[in-house]
> 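Have a look at this one.
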Amino acid sequence: MSDAAPKVGFVSLGCPKNLVDSERILTQLRAEGYGIVPRYEEADLVIVNTCGFIDAAVEESLEAIGEALDANGRVLVTGCLGERAATIRERHPQVLAITGAHAYEAVMEEVHRHLPAPHDPFLDLLPPQGVKLTPRHYAYLKISEGCNHRCTFCIIPQLRGDLASRPIGEVLDEAQRLVESGVRELLVVSQDTSAYGVDRRYRADIHGGRVLETRLTTLARELGQLPAWTRLHYVYPYPHVDELIPLMAEGAILPYLDIPLQHASESVLRAMKRPAASEKVLARIRRWREQCPELTLRSTFIVGFPGETEDDFDRLLDFLQEAQLDRVGAFAYSPVEGAAANALPDPVPEPVRQERLARLMEVQSQISRDRLATQVGRRMPVLIDEVQPDRLLARGPGDAPEVDGLVIVEGAWEGVEAGDFIEVEVTGYDDHDLYAEPLA
Ligand code: SF4
């Protein structure tokens, strides 16, 4: 964590249920880039998750709020005692906001209001539209902070420091509690998911009485045993990523890889300080698809990077044609304050960047459409995100929330709710979404 990340102090009181809520709030804060600090004085804001079950707990909670106010001054109160806002306000009128029990969405809204997380499309792990309405049935699981790479367009290492992985036991404990609290899909995020554990030299840790290495393959295998989907984001294409494909083929984790490739031209990749081996990436993609035909591949690209020629850009379009990625996010390059790329020669004029972005999106939207077409007739489980009066909005194994498409099941359905899994057969598609019918 860097000095620039907004920092939150957290006090959790009360029963195990409250602890689960605390975990959810902490997970969300970490995923959005907030730092969690152990001391009031270091925090920009303190959250007190209270208990109000018996009088002694009420008093303990009120005292904890008072202590946080004295030491820090900026305090949000949540949890069971939050249901009795008047009691809190009477004793501590200066608290910033009060939310009730199990209301983590409301807590996050208050955090955003009082301590906004900076947004940058190149830096954020989460989609730009934010996560304040994240339903209870999926959760972001942040496994590490920072990054050991030095991509020239990025200031993450300056902001958040070198890679710091959380011990595997801690991550798995959190995952287990999330699943116990009703989460049905875990979205594994970090700046560089495949590097997980490198900084700890894969040191072993304890989970459930077993000794496990802090390593991505081990983590994926363990997460795969939980009764929830596991989806991996931000997987840099290191060789050991190959080890994940069999886990996907056997259904332990979702057959989904989100790999930020950023470009395909070797000279642009070199200028970005990214590995320049597009041919190898294509060969691996072919191999992965042979081993796991259901694999969905998502990637992101930057167009108009300084020095990008028309030839470089054509190389990228050729790569996209060949790779046939399912989902692509693309940005026109824009300088980030403090990034090394700002000093590179030959900036691409803004109209050219925008024109290339539009061309790339046109090429890719046809590819994505063709990929969706191959899904027609497929039978698969989907996770319901929302039950509407005349249709279900769901997602399949190939659809990450917020960034990918949906699986839409038309009709009025009873007896199902958000967070349920149902089996469907895909019957149609449009530019982004699939249409499906439930299997009896
Ligand atoms: S891999 Fe590169 S782009 Fe990603 S966080 Fe690290 S330095 Fe930034």
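We count residues from 1, following the sequence as given. Atoms considered below: every heavy atom in the structure, side chains included; atoms not considered: hydrogens, waters and symmetry mates. Counting convention: from 1, in listed order, for ligands and their atoms alike.
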> Could you work out, with ring pair (Phe, Tyr, Trp, His ring centres under 6.0 Å) as the rule, every residue matching Phe313, not counting sequence neighbours?
none
> So, 2.8 Å as the limit: is an N/O/S atom of Cys154 located closer than that to atom 6 (Fe) of ligand 1?
no
> If you round to the nearest 0.5 Å, how far is CD of Glu222 from CD of Glu213?
12.0 Å
> Tell me, please, which residues at least two apart from Tyr236 pass ring pair (Phe, Tyr, Trp, His ring centres under 6.0 Å).
His149, Tyr238
> Hey, does Arg274 sit under 4.0 Å from ligand 1 if you only count heavy atoms?
yes
> Side chain or backbone of Tyr234 under 4.0 Å from ligand 1, or both, or neither, by non-hydrogen atoms?
neither
> Look at Cys151 and state whether any of its N, O or S atoms is less than 2.8 Å from atom 8 (Fe) of ligand 1.
no
> Looking at Phe153, which atoms of ligand 1 are within less than 4.0 Å of one of its heavy atoms?
3 (S)
> With the threshold set at 4.0 Å, does a side-chain nitrogen-carboxylate oxygen contact exist between Glu279 and Arg315?
yes
> Going by the order shown, which atoms of ligand 1 are within less than 4.0 Å of some heavy atom of Gln191?
5 (S)
> Salt bridge check: are Asp399 and Arg327 linked by an N-O gap of less than 4.0 Å?
yes
> Is it true that Arg113 and Glu110 make a salt bridge, defined as a side-chain N closer than 4.0 Å to a carboxylate O?
yes
> Could you list the atoms of ligand 1 found under 4.0 angstrom from a heavy atom of Cys147?
1 (S), 5 (S), 6 (Fe), 7 (S)
